[in-house]
Number of protein chains: 2
Amino acid sequence: MFCIYNLGYYEILRFSELKKNIDGISGRMLTVTLKKLEEHGIVKRKVYSEAPPKVEYALTDFGFALSNKLIDISSWFVDNYKVLK
Amino acid sequence: MFCIYNLGYYEILRFSELKKNIDGISGRMLTVTLKKLEEHGIVKRKVYSEAPPKVEYALTDFGFALSNKLIDISSWFVDNYKVLK
DNA sequence: CTGTATCCGGCTGGATACTG
DNA sequence: CAGTATCCAGCCGGATACAG
């Protein structure tokens, strides 16, 4: 979720940037999450053959569409959700 | 999620009916889930003082709105999601 | 029937050390 | 820097027994 939001906003991010933006996530989880998102055709992965290594992540078209859907529902949520008391 | 879908479709369901509809859920989880949904103003709970006890669950207005949002996004998803291969 | 309380096994995911 | 591999603590949630 946070990966999708971040990439929806910044368009392109490196692994370490994502890790910094997503508070508290471990490198391990970020790796497996990005791998899943890639498998599901939501993010694209671009590797630069350099030293030090550099990998950029971005949303696919489908990922962008999904991102908008999620932004829709979450902004609707913050507008309409009231805690009972 | 399944609770919301079920109640969105059937409008009113008893505890045991929900449990039957939601495949594999345990009584314990259904209880805690419904309690959370109630706390968050998504479902209403109506208790009939009878023997045997009878409790009906239904969505609140907010719950219905949420239900529609979820149905929207999930149907969009099945329309647009393609597995890569 | 609709829960509540307790136990407990499995999975999730953080921490750490290591590689290219 | 961007991962991979391993370990392991904590939590989640199923099963069970019990209560009202």
Side-chain angles (χ1 to χ4, degrees), chain A residues 1-60 63-64 66-67 70 74 77 83-85, chain B residues 1-60 63-64 66-67 70 74 77 83-85:
Chain A
M1 289 283 308
F2 290 115
C3 291
I4 296 174
Y5 284 142
N6 263 278
L7 289 172
Y9 187 73
Y10 292 104
E11 311 233 329
I12 295 181
L13 286 175
R14 304 184 53 177
F15 185 87
S16 50
E17 295 170 331
L18 270 171
K19 181 152 168 33
K20 191 161 27 169
N21 289 352
I22 302 173
D23 186 48
I25 197 172
S26 65
R28 183 183 165 285
M29 268 318 290
L30 185 54
T31 302
V32 311
T33 302
L34 287 170
K35 197 171 292 184
K36 265 184 208 161
L37 291 174
E38 198 189 354
E39 280 170 14
H40 293 137
I42 293 168
V43 308
K44 289 177 289 197
R45 187 165 177 276
K46 184 164 188 185
V47 185
Y48 295 83
S49 299
E50 306 173 358
K54 174 177 169 186
V55 181
E56 289 179 344
Y57 293 91
L59 294 178
T60 60
F64 263 112
L66 179 58
S67 163
L70 294 177
S74 69
F77 205 86
V83 192
L84 311 180
K85 192 58 67 64
Chain B
M1 288 283 305
F2 290 115
C3 289
I4 295 174
Y5 284 142
N6 263 278
L7 289 172
Y9 187 74
Y10 292 104
E11 312 233 329
I12 296 181
L13 286 176
R14 304 185 54 178
F15 184 87
S16 50
E17 294 170 330
L18 270 170
K19 182 152 170 29
K20 191 161 26 172
N21 288 351
I22 302 172
D23 186 49
I25 196 172
S26 66
R28 183 185 165 284
M29 270 317 291
L30 185 54
T31 302
V32 312
T33 302
L34 288 169
K35 198 172 289 182
K36 268 185 205 158
L37 291 174
E38 197 189 354
E39 280 169 13
H40 293 133
I42 293 168
V43 307
K44 291 176 287 196
R45 186 165 176 276
K46 184 164 188 185
V47 185
Y48 295 83
S49 300
E50 307 171 353
K54 174 179 169 184
V55 180
E56 288 179 345
Y57 293 91
L59 294 178
T60 60
F64 262 112
L66 179 57
S67 163
L70 295 177
S74 69
F77 204 87
V83 192
L84 312 180
K85 191 61 67 61

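Sequence lines set the chain letters: A, B, ... in the order given, protein chains first and strands last, and positions in each chain run from 1.
Annotation: proximity of residues 19-34 of chain B to DNA chain D (heavy atom, distance under 4.0 Å) is found for Ser26(B), Arg28(B), Met29(B), numbered in ascending order.
Checked by atom type and distance alone, the side chain of Lys19(B) pairs as donor or acceptor with a backbone atom of Ile25(B) at under 3.5 Å. In this structure, Thr60(A) contributes its side chain and Gly41(A) its backbone to a donor-acceptor pair below 3.5 Å. The closest donor-acceptor contact from the side chain of Lys54(B) to the backbone of Ser49(B) lies at 3.5 Å or more, if one exists at all. At distances below 3.5 Å, not a single donor-acceptor pair connects side-chain atoms of Ser67(A) with backbone N or O atoms of Gly8(A).
Distances shown here put a side-chain N or O of Arg14(B) below 4.0 Å from the OP1 or OP2 atom of dT2(C). When the side-chain nitrogen and oxygen atoms of Tyr57(A) are compared with OP1 and OP2 of dC1(D), none of them lie within a distance under 4.0 Å.
Listed candidates were dT4(D), dA2(D), dG20(D). Nearest to the side chain of Pro53(B) is dG20(D). For Lys35(A), counting side-chain heavy atoms from C-beta on, the closest listed nucleotide (dC1(C), dC1(D), dT4(D)) is dT4(D).
Distance NZ (Lys46(B)) to C1' (dC1(C)): 18 Å, rounded to an integer number of Å. Between the CG atom of Leu18(A) and the P atom of dA2(D) there is a distance of 10 Å, rounded to whole Å.
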Q.
Is there a side-chain hydrogen bond (donor to acceptor under 3.5 Å, both in side chains) between Glu38(B) and Tyr57(B)? Walk through the geometry before answering.
A. CA-CA 9 Å; Glu38(B) 197 189 354; Tyr57(B) 293 91; over 6 Å; no

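Qualifying side-chain contact (heavy atoms from CB on, under 4.5 Å) partners for Leu70(A), counting only residues two or more places apart in sequence or in other chains: Met1(A), Ile4(A), Tyr5(A), Leu66(A), Ile73(B).
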